Amino acid sequence: MAGLRGMVLRQPALTAFLVAIVVRLAVVAGSHLLNLWPLIPDEGGYVELATLAVDGRVDEYCCGGYGQELYASTKLFIWQIQGLVALFGPLPWLLQMPAVLYGAAAAFLVTRITERFVPPHWALFAGLIVALAPSAVLHSSVVLRESLVWVLILVAALLVIYFSEASTARRLAGLAAGLLMVLVGLGWLRDQTAIVVAWSLIPVALLVRRQRRVRFGLALVILVAGP
């Protein structure tokens with residue numbers, strides 16, 4: 001028992017990831033065994049849109065032009081679903097897998113970020129909250145974009161930590177490029193979230209003392225170019 005506890009605390013992020021995967025796969029399996037799919041009505045809409053997109057018939061989705069609008073505003077997620085439909089057909093359980101993986105990745109990233117500031121057992125606790133919180137489990141066990149949005153926000157948070165610690169202009173520029181890519185990805189999922197994340201970079205740049213001008217300049221570039 002002590003050996004297992006030690007292993008868990010040595011790898012808290014991996015533990016949170018595995019717990020999150022198991023729980024979400026159980027929800028996916030249960031939803032189909034009990035014939036409860038879709039768990040959320042919007043799932044069917046995403047599957048329909050992706051299926052139409054495979055045949056180039058996005059305009060046929062719903063209400064005059066809405067298909068194109070929805071496709072454009074969620075394309076980073078829809079592209080993945082569309083690819084799976086093109087390869088394997090519209091199998092609901094398979095189309096739920098991207099969200100499952102992103103939900104587990106969110107638990108992993110929360111744990112990794114928290115590990116930098118608190119002891120391993122508290123970092124694991126934070127990761128398990130994301131792994132087991134009912135709303136988080138639900139929204140990352142269905143064909144929805146939410147868990148991918150979470151992951152990109154967490155990647156942005158991790159990059160911001162590295163950004164605050166970087167001491168060379170070259171590394172700062174590389175991290176700024178990474179943040180810009182994350183913002184573009186968020187813009188292809190939920191544009192208002194991308195704008196909020198971009199604005200959040202400014203106070204971070206101002207609060208860091210070392211190379212503050214460089215950081216502030218890069219943050220302004222991201223703020224202007226990202227959205």
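Keep in mind the model is a prediction, meaning the values are calculated, not measured.
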Is it the case that over 12 heavy atoms from other parts of the model lie below 6.0 angstrom from the CZ atom of Arg116? yes
To the nearest 0.5 Å, what is the distance between CD1 on Ile78 and CG on Leu49? 4.5 Å
Can you tell me how far CZ of Phe88 sits from CG of Leu94, rounded to the nearest 0.5 angstrom? 6.0 Å
Can you confirm whether Leu183 sits close enough to Leu179 that some side-chain heavy atom of one is under 4.5 Å from a side-chain heavy atom of the other? no
Met181, CE atom: more than 12 neighbouring heavy atoms under 6.0 Å: no
Measure across Ala194 and Leu186 and return the closest heavy-atom pair with its distance rounded to 0.1 Å. CB-CB, 3.7 Å
Is Leu76 close to Leu152 at the side-chain level, that is, under 4.5 Å between some pair of heavy atoms? yes
Step-by-step side chain to side chain contact (heavy atoms under 4.5 Å, CB included) determination, Leu148 to Gln80: CA-CA 11 Å; Leu148 180 52; Gln80 298 171 53; 3.5 Å; yes
Does Leu154 form a side chain to side chain contact (heavy atoms under 4.5 Å, CB included) with Leu158? I'd like the steps, not just the answer. CA-CA 6 Å; Leu154 288 165; Leu158 190 57; over 6 Å; no
At what distance, to the nearest 0.5 angstrom, does OG1 of Thr114 lie from CG of Leu109? 10.0 Å
Met97 reachable from Val22 in the ILVMFWY side-chain graph, under 4.5 Å edges: no
Provide the closest heavy-atom pair for Pro120 versus Pro12 in the form atom of the first, atom of the second, distance. O-CB, 4.0 Å
Membership question, hydrophobic clusters at under 4.5 Å side-chain separation (ILVMFWY): are Val142 and Val23 in the same one? yes
Kindly say whether Ser141 contributes a backbone atom to a donor-acceptor pair with the side chain of Gln96 at under 3.5 angstrom? yes
Judged by atom type as modelled, is there a donor-acceptor pair below 3.5 Å linking the side chain of Arg24 to the main-chain atoms of Ala20? yes
Check the pair Ile161, Phe117 against side chain to side chain contact (heavy atoms under 4.5 Å, CB included), reporting the backbone distance first and the verdict last. CA-CA 11 Å; Ile161 292 171; Phe117 306 103; 4.0 Å; yes
Using every non-hydrogen atom in the two residues, find where Gly103 and Ser147 come nearest and quote the distance to one decimal. N-CB, 3.7 Å
Separation of Leu87 CG from Gln82 CD (nearest 0.5 Å): 10.5 Å
Residue Trp93 excluded, over 12 heavy atoms near CH2 under 6.0 Å: no
Hphob cluster co-occupancy, Trp122 + Val19, side-chain heavy atoms under 4.5 angstrom: yes
Report the distance from atom OG1 of Thr74 to atom CH2 of Trp188, rounding to the nearest 0.5 Å. 12.5 Å
Counting N and O atoms only, with roles assigned by atom type, does the side chain of Thr168 sit under 3.5 Å from a partner on the main chain of Arg171, one being a donor and the other an acceptor? yes
Do you know the tightest heavy-atom contact between Ala16 and Thr111? CB-OG1, 3.4 Å
Shared ILVMFWY cluster between Ile113 and Trp150, side chains joined below 4.5 angstrom? no
Step-by-step side chain to side chain contact (heavy atoms under 4.5 Å, CB included) determination, Leu138 to Val27: CA-CA 8 Å; Leu138 174 62; Val27 172; 5.6 Å; no
Do the non-hydrogen side-chain atoms of Tyr66 and Tyr61 ever get within less than 4.5 Å of each other? yes
Under 3.5 Å donor-acceptor pairs involving side-chain atoms of residues 33-48, not counting sequence neighbours:
from, atom 1, to, atom 2, distance (Å)
Trp37, NE1, Glu43, OE1, 2.9
Glu43, OE1, Val143, N, 2.9
Glu43, OE2, Leu39, N, 2.8
Glu43, OE2, Ile40, N, 3.3
Tyr46, OH, Arg145, NE, 3.3

Any idea which heavy atoms bring Val100 and Ile21 closest together, and the distance? CG1-CD1, 4.0 Å
Which heavy-atom pair separates Ile81 from Leu95 by the least distance, and what is that distance? CD1-O, 3.7 Å
Any chain of hydrophobic side-chain contacts (each under 4.5 Å) joining Leu124 to Ile129? yes
